[in-house]
Amino acid sequence: MYGLGLETRGFNRRTPIVMEEKQRNQYVPQAIEAKWQKIWEEKEIFKAPNPGEDSFDPNKPKFYILDMFPYPSGAGLHVGHPEGYTATDILARFKRMQGYNVLHPMGWDSFGLPAEQYAIQTGTHPAVTTSKNIQGFKKQLKSLGFSYDWSREIATTDPRYYHWTQWIFTRLFDMGLAYQAEVPVWWCPALGTVLANEEVIDGRSERGDHPCERKPLKQWMLKITAYADRLLEDLEELDWPESVKAMQRSWIGRSEGAEVRFRLADRPEEELAVFTTRPDTLFGATYMVLAPEHPLVNEITTPEQREEVAAYQREAATKTDLARTELNKDKTGVFTGAYALNPVFPEDDPRARIPIWIADYVLMGYGTGAIMAVPGGDERDFDFALQYGLKILQVVDGGERPKDPKEAEKKGFVRRVERDGEILECFVGKGVAVHSSNAEISLDGLPTDEAKAKMTQWLESKGLGQAKVTYRLRDWLFSRQRYWGEPFPILHLQDGTIKRVRDEDLPVTLPEMDDFKPSGTFAPPLSKAKDWLETVDPETGKPALRETNTMPQWAGSCWYYLRFMDPHNDKEAWSKEAEQYWGPVDLYVGGAEHAVLHLLYARFWHKVLYDLGLVHTKEPFQKLFNQGMVLSHAYKDSRGALVPVDMAEERGNKFYHKETGEELERIVAKMSKSLKNVENPDDVIRNWGADTMRLYEMFMGPLEASCPWNPDDLPGVHRFLGRVWRLFVPEGKENPPPLRPHLANPGTPDPELEKALHRCIAKVGQDLEGMRFNTAISAMMVFVNEATKRVDQLERTQAERFLLLLAPFAPHLAEELWERLGHTESLAYEPWPSYDPALLVDEEVEIAVQVLGKVRARIKIPKDAEKEFVLSKAKEAVKSQLEGKTLRKEIYVPGRLVNLVAT
RNA sequence: GCGAGAGUGGCGGAACGGCAGACGCGGCGGACUUAAAAUCCGCUCCCGGUUACGGGGUGGGGGUUCGACUCCCCCCUCUCGCACCA
């Protein structure tokens with residue numbers, strides 16, 4: 001069994017010297033890791049039985065721990081992947097030892113653009129690429145010793161999987177939550193596809209960074225807005241990072257206010273609706289603004305203004321959203337020539353007649369695409385009014401705002417500007433309504449919230465408006481013009497109607513195709529698969545065309561956690577029984593980049609499934625944890641330019657440019673090919689072993705923090721594992737000699753070591769519950785350092801218990817030593833060791849003696865010494881410090897310190 | 001601009017309001033060795049002092065407290081998200 005993985009290549013200083021290991025019985029991870037991975041696989045150690053199966057034990061509690069499954073890219077794993085995966089693996093192993101039925105599966109989010117792009121370039125079918133990449137990923141994951149139940153492996157590209165993705169879509173369709181609409185979407189000419197808003201950043205595609213443009217196209221939409229309130233409310237009960245909840249809340253962007261309908265002057269038949277969160281400021285509305293694209297613009301614009309308005313509209317249309325928002329300081333707009341009537345004033349009151357402008361600071365996509373402008377209460381309106389000399393009225397005063405106007409301005413509550421000798425103010429906060437009354441209603445003196453309610457009520461009673469809630473969240477653009485995605489189970493009949501494919505005709509599989517090139521038109525690739533495209537409606541026998549759009553990559557990841565519960569079910573997506581037992585996911589670990597979209601979409605689908613009675617919980621993921629990013633180092637020269645890692649060399653504690661000799665600053669940067677600082681997990685495993693890799697990933701720092709990968713730190717954790725090895729295995733040439741003889745049988749535990757072990761058990765257990773892997777490892781190092789100093793005193797049962805603690809972290813090493821101790825079964829299901837709290841405290845403790853909060857001495861006292869005794873000992877110890885002072889106060893914190901307050 | 005989070009040795013990072021710097025890297029010294037590697041042991045926040053010890057110290061400034069890395073207020077820097085959302 002020795003001799004595996006021994007490289008004859010040259011060693012660099014990162015490579016542990018493994019020469020002569022045979023003679024010395026050294027720790028050689030390469031010699032044991034493959035062996036244990038094979039045993040776990042062959043004996044199906046980590047297979048989790050489902051309810052109803054023979055080996056299922058219903059008395060055990062369940063724990064469903066899930067990783068965000070990866071897109072199997074051609075590049076393979078990078079060192080960032082195993083960080084989260086190692087953490088979940090440790091917890092899965094820990095929970096198994098604690099007696100849980102653990103569901104810990106892995107699969108592939110395998111639809112997606114790169115495989116299709118590759119197909120376009122090389123002609124290799126995406127299915128081939130995908131399958132190859134999956135094999136590569138799987139091999140890499142296995143080489144890390146993860147305890148996944150591989151019998152549950154799924155891939156979103158498998159027709160046996162997307163059968164049910166389509167099935168869920170048909171439920172959405174039946175519920176009226178899936179619909180088609182002509183919407184302006186991002187069209188990316190380079191990719192030949194439409195992209196979702198979230199896939200376009202600053203007018204360029206997220207993948208490939210190609211320019212994109214807006215085009216109106218018929219698209220499938222999912223009515224996620226119907227679930228906006230529930231998606232918002234149910235965040236409350238989730239054990240998720242606050243930052244993720246905050247991001248989802250702002251993404252949903254619920255805002256409460258009122259819709260107000262303004263009549264147009266001289267056009268009694270037309271109305272203009274606006275949304276406002278401040279109906280209480282209606283008396284201050286001195287003009288209105290429409291988005292340039294607003295349908296009413298052309299109708300109301302007067303002949304004299306027509307040319308100017310049209311020019312402005314043209315200009316706005318060519319601007320991207322970015323360009324429109326970038327200039328957010330300089331407001332631009334054009335008067336339409338038309339006027340509206342502010343409903344709070346009588347028609348013949350000159351104050352009622354307010355001008356209607358168009359401006360691109362008003363967005364068509366939000367609210368009604370029109371606003372009532374209250375320059376005295378809104379900064380944007382204030383800017384605009386100043387720009388174009390529009391009237392500014394004060395309608396809110398007091399409240400949070402300081403009385404003195406100068407003071408108020410200084411503290412940022414108001415902005416004050418002088419115009420034509422008049423002081424104009426803008427106050428956006430809450431306060432008390434002023435100058436807000438007419439013959440029927442007066443808000444004057446009312447605090448903002450009451451004024452809002454009163455005004456809304458008045459508007460309703462007059463038929464002028466009503467309370468309204470608006471969301472920033474849009475319906476979800478759900479179709480893509482790609483080949484490598486789930487086909488929609490939809491038929492287009494000749495009469496123009498559409499119907500969904502019957503359940504018994506699912507799945508609609510992707511047709512084989514040779515030509516993946518974009519057509520150059522908006523027609524998706526599937527429209528070229530003629531035989532597939534043209535079909536018959538099985539119910540009527542009439543010809544029908546298949547839908548040629550495909551679903552976005554998000555679709556498959558919306559419900560994969562459910563399929564894992566019952567992955568081979570060919571009768572239904574999952575059985576009720578399996579979902580009742582395993583759901584919800586207890587812990588979901590992944591990167592923060594999925595904070596909004598994936599998690600929001602999955603929550604949406606889950607709620608729909610809940611409404612259909614198909615799942616029993618309102619939310620899919622009870623606890624969410626975001627692991628940090630694994631960063632790397634790079635260098636920066638004096639001009640601030642980044643320098644790749646291979647161009648820098650270290651001398652002393654400083655870094656210099658290899659060619660210019662210039663001193664460089666070492667910085668932390670994201671891994672990138674250009675900086676040559678990408679670390680490859682395969683190299684680490686080959687050189688150091690999987691257990692070292694796992695341990696290092698966890699020892700870098702807290703899981704949630706991002707920190708730099710530093711290869712120089714690898715020897716540290718590797719040395720630790722070597723020390724563990726030597727606690728069990730004597731140096732020597734014997735073969736087999738694999739165990740220190742005194743460990744063969746139980747002996748008398750050394751009491752000090754026993755205490756140290758109990759402290760270790762307690763700390764590791766608590767840290768695992770709190771996901772503090774780095775400090776758990778540190779606790780084990782402390783114990784091993786202790787044990788190394790008295791190797792011969794380490795007794796068999798102590799050694800065993802320690803191995804069990806180590807097992808979740810370094811499972812190969814632990815299994816190997818467990819076997820050498822004479823065990824024939826895997827330790828994967830051994831009970832987690834327990835500790836005696838009484839042993840955590842030493843008989844004699846050292847405490848600090850402070851005088852005025854400064855430590856002046858340390859004394860040793862029995863652990864349960866009387867207060868009086870401790871105080872007198874303490875005073876004795878700091879006698880010189882107390883001389884000539886009066887003792888004012890004595891504080892004793894048992895087991896910690898004494899603080900003597902003397903002046 | 002708004003929201004969230006973070007600033008601790010040469011480096012990664014530890015510290016229920018109670019001895020700042022656990023553990024690891026690096027560095028220094030020692031043991032073993034013909035020698036080196038590996039391994040083992042010790043030291044390693046900064047300043048002064050041979051030691052004893054003294055002084056300073058957790059981005060900056062205030063505050064609460066017997067006692068603050070930790071709690072409160074103000075400011076600075078960095079990271080992430082949102083960004084004319086009416």
Side-chain angles (χ1 to χ4, degrees), chain A residues 16-20 24 26 241-247 249-251 253-255 257 274-278 281 289 321 324-329 331 359-363 365-374 377-381 383-384 470-472 592-593 595-596 629 633 650 652-654 666 668 695-696 699-702 704-717 719-720 722-723 726 731 772 774-782 785 788-789 791 846-858 888-893 895-902:
Chain A
I17 303 299
V18 291
M19 297 156 59
E20 299 182 57
R24 292 193 182 180
Q26 279 190 347
E242 267 315 308
S243 60
V244 175
K245 289 190 189 182
M247 281 161 73
R249 282 190 196 105
S250 70
W251 191 263
R254 184 181 200 275
S255 64
V274 302
F275 172 73
T276 177
T277 56
R278 294 296 298 268
T281 62
V289 186
D321 278 359
R324 279 172 68 156
T325 58
E326 228 173 12
L327 308 162
N328 64 16
K329 286 276 144 55
K331 300 270 183 295
D360 63 7
Y361 82 92
V362 172
L363 308 174
Y366 188 78
T368 62
I371 60 157
M372 62 178 218
V374 184
D378 183 288
E379 294 224 33
R380 297 153 298 178
D381 298 344
D383 288 337
F384 192 79
T470 299
Y471 302 91
R472 200 184 79 104
E593 66 273 20
V596 178
M629 230 184 309
H633 288 295
E650 185 174 358
N653 272 332
K654 300 195 169 175
R666 185 155 87 158
V668 171
L695 220 54
Y696 174 66
F699 192 60
M700 284 194 299
E704 65 273 24
S706 293
C707 59
W709 180 273
N710 184 2
D712 294 341
D713 286 337
L714 280 162
V717 281
R719 267 200 284 269
F720 163 67
R723 288 177 151 207
R726 281 188 297 277
E731 286 192 50
R772 294 179 295 266
N774 54 332
T775 51
I777 292 167
S778 141
M780 288 188 285
M781 287 174 167
V782 170
N785 289 346
T788 298
K789 283 175 199 167
V791 187
E846 191 184 72
I847 65 166
V849 181
Q850 297 182 333
V851 178
L852 279 172
K854 284 193 192 299
V855 180
R856 296 296 178 185
R858 294 168 215 282
R888 308 271 175 201
K889 203 165 175 181
E890 300 166 344
I891 290 137
Y892 173 48
V893 184
R896 295 271 180 193
L897 54 66
V898 169
N899 190 6
L900 302 171
V901 184

*asked:* From NE2 of A:His633 over to C1' of B:rG12, roughly how many Å is that when rounded to an integer?
replied: 8 Å

*Could you give the CG-to-C1' distance, from A:Asp383 to B:rC84, as a whole number of Å?*
9 Å

*Under 4.0 Å: is that the gap between some side-chain N or O of A:Thr775 and OP1 or OP2 of B:rG13?*
no

*With rounding to the nearest 0.5 Å, note down the distance linking CZ in A:Arg249 to CZ in A:Arg254.*
13.0 Å

*asked:* In this structure, how many angstroms lie between the P atom of B:rG24 and the CE atom of A:Met781, rounded?
replied: 6 Å

*Give, for atom CZ of A:Arg472 and atom OG of A:Ser250, the distance between the pair rounded to the nearest 0.5 Å.*
6.0 Å

*asked:* Tell me if the side-chain of A:Asp713 makes a donor-acceptor pair with the base of B:rC25, cut-off 3.5 Å, by modelled atom types.
replied: no

*So what does A:Gln850 hit on the nucleic acid, given a heavy-atom distance under 4.0 Å: a base, only sugar-phosphate, or nothing?*
base

*asked:* Can you identify which nucleotide, out of B:rG18, B:rG13, B:rA38, has its nearest atom closest to the A:Gln26 side chain?
replied: B:rA38

*Remember a base hit wins even if backbone is also touched, and classify A:Arg772 as base, sugar-phosphate or nothing at under 4.0 Å, heavy atoms.*
nothing

*Nearest-Å distance, CG (A:Leu714) to P (B:rG12)?*
16 Å

*Check every strand shown and say whether A:Val893 touches a base, only sugar-phosphate, or nothing at a heavy-atom separation below 4.0 Å.*
base

*Show the numbers, then the answer: is there a side-chain contact (heavy atoms from CB on, under 4.5 Å) between A:Tyr366 and A:Ile371?*
CA-CA 10 Å; A:Tyr366 188 78; A:Ile371 60 157; over 6 Å; no

*At under 4.0 Å, does any side-chain N or O of A:Arg856 touch on OP1 or OP2 of B:rG55?*
yes

*Donor-acceptor pair under 3.5 Å: do we get one between A:Ser778's side chain and the base of B:rA14?*
no

*Between atom CE of A:Met700 and atom CG of A:Leu695, what is the distance when rounded to the nearest 0.5 Å?*
11.5 Å

*Find which nucleotide of RNA chain B each of A:Ala370 and A:Pro708 is nearest to by heavy atoms, and output the residue with the more 5' nucleotide.*
A:Pro708

*Would you give a per-nucleotide map of nucleotides 39-44 of chain B, 5' to 3', where B means the base has a protein non-hydrogen atom under 4.0 Å away, S means only the sugar-phosphate does, and - means neither?*
SSSS--

Pairwise N/O distances under 3.5 Å, protein to nucleotides 80-82 of chain B:
residue : atom : partner  : partner atom : Å
B:rC82  : O3'  : A:Arg472 : NH1          : 3.4

*If you check the A:Lys331 side chain, which of B:rA38, B:rA86, B:rC84 turns out closest?*
B:rC84

_Gap separating the CG atom of A:Leu900 from the CZ atom of A:Arg888, nearest 0.5 angstrom_ = 13.5 Å

*When you look at A:Arg278 and A:Thr276, which way does the side-chain contact (heavy atoms from CB on, under 4.5 Å) test go after all the steps?*
CA-CA 5 Å; A:Arg278 294 296 298 268; A:Thr276 177; 4.0 Å; yes

*What is the nucleic acid contact for A:Glu846, judged by heavy atoms within less than 4.0 Å: base, sugar-phosphate only, or nothing?*
base

*asked:* Nearest 0.5 Å, please: how far is CZ in A:Phe699 from CG in A:Leu714?
replied: 12.0 Å

*Can you tell me if A:Tyr696 uses its side chain to pair, donor with acceptor, with the backbone of A:Gly716 under 3.5 Å?*
no

_Within the 4.0 Å heavy-atom criterion, would you say A:Asn710 contacts the bases, only the backbone, or no part of the nucleic acid?_
nothing

*Would you say B:rC23 has OP1 or OP2 under 4.0 Å from some side-chain N or O of A:Asn774?*
no

_Interatomic distance, A:Leu852 CG vs B:rG54 C1' [rounded to whole Å]_ = 17 Å

*Starting from the 5' end of RNA chain B, give me the residue, A:Phe699 or A:Ala246, whose nearest nucleotide shows up first.*
A:Ala246

*Between A:Val668 and A:Pro708, what is the shortest heavy-atom contact and its length?*
CG2-CG, 3.9 Å

*asked:* Among B:rG13, B:rC66, B:rA86, which nucleotide has an atom closest to any side-chain atom of A:Pro702?
replied: B:rG13

*Rounded to the nearest 0.5 Å, what's the gap from CG on A:Asn785 to CZ on A:Arg723? Could you check?*
4.5 Å

*Would you classify B:rG59 as syn or anti? Syn applies when the glycosidic angle is within 90° of 0.*
anti

*For the student: nearest non-hydrogen atoms of A:Gly701 and A:Cys707, plus distance*: N-SG, 4.4 Å

*Write down the atom of A:Val791, the atom of A:Arg726, and the distance for their closest heavy-atom approach.*
CG1-O, 4.5 Å

*What's the shortest heavy-atom distance between A:Ile847 and A:Arg896, and which atoms?*
CB-O, 3.2 Å

*Where the side chain of A:Leu363 is concerned, which of B:rC85, B:rG55, B:rG18 is the nearest nucleotide?*
B:rC85

*Within the structure shown, what part of the strands sits under 4.0 Å from A:Pro241 by heavy-atom distance: base, sugar-phosphate, or nothing?*
nothing

*Give the rounded distance in Å between these two atoms: CG of A:Asp712 and P of B:rG10.*
18 Å

*Could you summarise the pairing of RNA chain B as dot-bracket text, marking Watson-Crick and G-U pairs under 3.5 Å with ( ) or [ ] inside the strand and | across strands?*
(((((((..(((.....[....)))((((((.......))))))((((....))))..(((((..]....))))))))))))....

